[in-house]
Number of protein chains: 2
Amino acid sequence: MDNEQTAQVAGGTGTARPGTRRPGGRTARTRAAVRDAVVAGLTEHGYSGLTVEYVAEHSGVHKTTLYRRWGGVDGLVADTLDLAGEDGWAPPDTGSLDGDLRALALEVVHSFADPAAAAPSSAVIAAAFQSEPAAQALRAYYAERFARCEVIVDRAVARGELPGPRSAVDGGALVRAVAAPLFFRLFITREGLDEPDADHAVAVALAAAHAGTFTKET
Amino acid sequence: MDNEQTAQVAGGTGTARPGTRRPGGRTARTRAAVRDAVVAGLTEHGYSGLTVEYVAEHSGVHKTTLYRRWGGVDGLVADTLDLAGEDGWAPPDTGSLDGDLRALALEVVHSFADPAAAAPSSAVIAAAFQSEPAAQALRAYYAERFARCEVIVDRAVARGELPGPRSAVDGGALVRAVAAPLFFRLFITREGLDEPDADHAVAVALAAAHAGTFTKET
DNA sequence: AGGCAAATGCAACTCCACTTGCGTTAGGTG
DNA sequence: CACCTAACGCAAGTGGAGTTGCATTTGCCT
């Protein structure tokens, strides 16, 4: 299989790829079974240990079908992230901006501290290095995630914790500023991550926010 | 080859692995040729496209030797990063803290904007997902890099731009805070990176620094 | 219901990453 | 200078990921 540009994830542009024209019963069952098997394989062997054959055996779907519909391991993982993005997740609501951001940061810390929970997320980050579909899935996932988080800032403005809608704080930028140092330590410098790191990330972002660094004039 | 724990990068603990007991002429030449070939392969095909056989052909070193001494692609890439860490790089010295950090951030932006220059760096980040040796190499590389950067803060303190040695700013933390959002956009959210991003990262970090967020009491 | 095409199942094959056993070269040492 | 052994070269073999052509099943539509 040719790396770089694997493509063929179901749900794309629309030039008759398998799995898109017939969203009926079997196809849907196949997708569900496959994605369960992918998550299982990821938590069991990690991304580098995940093989198409494993997914085939644990899902009851034939190997050929997996290659045809998903193009390979990259596509399987990317599609699994799309599923994860469709959950009912909502940002924490603690009653204060500081509390919300702290809770958010701690959520990141704890989710990656648990190997089972961390496996799918880090798998897609790894897959994005190899395949464009995975990179797109990753981009879309976090864009949607951060969009949901902007409520945090809206509420803070309503409470008077941040300046009003005229010179508003860019919610997406603020949340990104909280998350960035955490992922940086996890996957770039590989320094490890604990709760004080979460607190520090929040403190830095909040200090910058109150200094007006995230302000977008309107 | 078994993933997870490939090991066998030259220069380790000392239980008689090939390439360590005889640092003579041929061995040294082999290492140099191999690392050149790895960089070439990385810039040409990227990490996912790099194969041991390619390195064998382009270095004149036999395939078997590569597997024996480096254990596989992961080890080759990790060893190459060790080489890169031994260069004469020094942080910018522009005469102001803001200028230094800006120059530093722009260096990151530009180095990853050029695909050829970006290939080796991002390759190791990707490799760290699969192999512990690569992760260690990555950790060591950035630790050493950030240690070199602490001069920036020392100079700023000497100039009076930051509070003195009593309640000093943690230089490593400040530099990390500048770098984190850049790598975050590059490899996690995959949003792309441009010069305004560099400026913004510096502004956030500086605002937090002046608010005392990086202060470590002594 | 019945027929058409999409989607999946199946088995055999290809190709390449990786291994293994042994012979050869060359660096260090007395 | 000669020996000894670490490090390297070589060629054949192995296993598994990924492919291919065809048979079979199952949605959807009239």
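Here is the naming used below: chain letters follow the sequence lines, and residue numbers restart at 1 for every chain.
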Given the ring of B:F129, does A:R190 sit roughly above its face, with NZ or CZ under 6.0 Å from the centre of the six-membered ring and within 45° of the axis?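 Cation-pi check for A:R190 and B:F129: passes.
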If only side-chain N and O atoms of [X] are considered, is one of them under 4.0 Å from the OP1 or OP2 phosphate oxygen of [N]?
X     : N     : result
B:H62 : D:dC8 : no
B:T65 : D:dG9 : yes
B:T30 : D:dC8 : yes
A:T64 : C:dG9 : no
A:R69 : C:dT8 : yes

Can you measure [X] atom [atom1] to [N] atom [atom2] for me and round it to whole angstrom units?
X     : N      : atom1 : atom2 : value
B:D74 : C:dC18 : CG    : P     : 9 Å
B:E53 : C:dC16 : CD    : P     : 9 Å
B:K63 : C:dG21 : NZ    : P     : 16 Å
B:L76 : C:dC18 : CG    : P     : 10 Å
B:L66 : C:dC18 : CG    : C1'   : 12 Å
B:Y54 : C:dC18 : OH    : P     : 17 Å
B:R31 : D:dC8  : CZ    : C1'   : 16 Å
A:W70 : D:dT19 : CH2   : C1'   : 18 Å

Describe, as an angle rounded to 10 degrees, how the axis at the first end of the helix from C:dA1-D:dT30 to C:dG30-D:dC1 is tilted relative to the axis at the last end, five pairs per end.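 The value is 40°.
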Does the pair A:R69/A:D79 count as a salt bridge with the N-to-O cut at 4.0 Å?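 No, A:R69 and A:D79 are not salt-bridged.
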Quick test of your reading of the model: are A:R139 and A:E132 salt-bridged, counting only N-O distances below 4.0 Å?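 Judged by the 4.0 Å cut-off on N to carboxylate O distance, A:R139 and A:E132 do form a salt bridge.
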Applying side chain to side chain contact (heavy atoms under 4.5 Å, CB included) to B:W70 and B:V77, what does each step give before you reach the verdict? CA-CA 9 Å; B:W70 285 274; B:V77 170; over 6 Å; no
Distance-only check: which donor-acceptor pairs under 3.5 Å involve side-chain atoms of residues 178-186 of chain A, not counting sequence neighbours?
| residue | atom | partner | partner atom | Å |
| --- | --- | --- | --- | --- |
| A:R185 | NE | A:G192 | O | 3.0 |
| A:R185 | NE | A:D197 | OD2 | 3.4 |
| A:R185 | NH2 | A:G192 | O | 3.4 |

Side chain to side chain contact (heavy atoms under 4.5 Å, CB included) for B:V124 and B:Y141? Distances and angles first, verdict last. CA-CA 10 Å; B:V124 192; B:Y141 175 81; over 6 Å; no
Is it the case that the base of C:dG9 and the side chain of A:R68 share a donor-acceptor contact (distance under 3.5 Å, atom types as modelled)?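 Donor-acceptor pair under 3.5 Å: yes.
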Evaluate the side chain to side chain contact (heavy atoms under 4.5 Å, CB included) criterion for residues A:V175 and A:E150: first the C-alpha distance (whole Å), next the side-chain angles of each, then the deciding distance (0.1 Å), finally the verdict. CA-CA 8 Å; A:V175 177; A:E150 295 192 8; over 6 Å; no
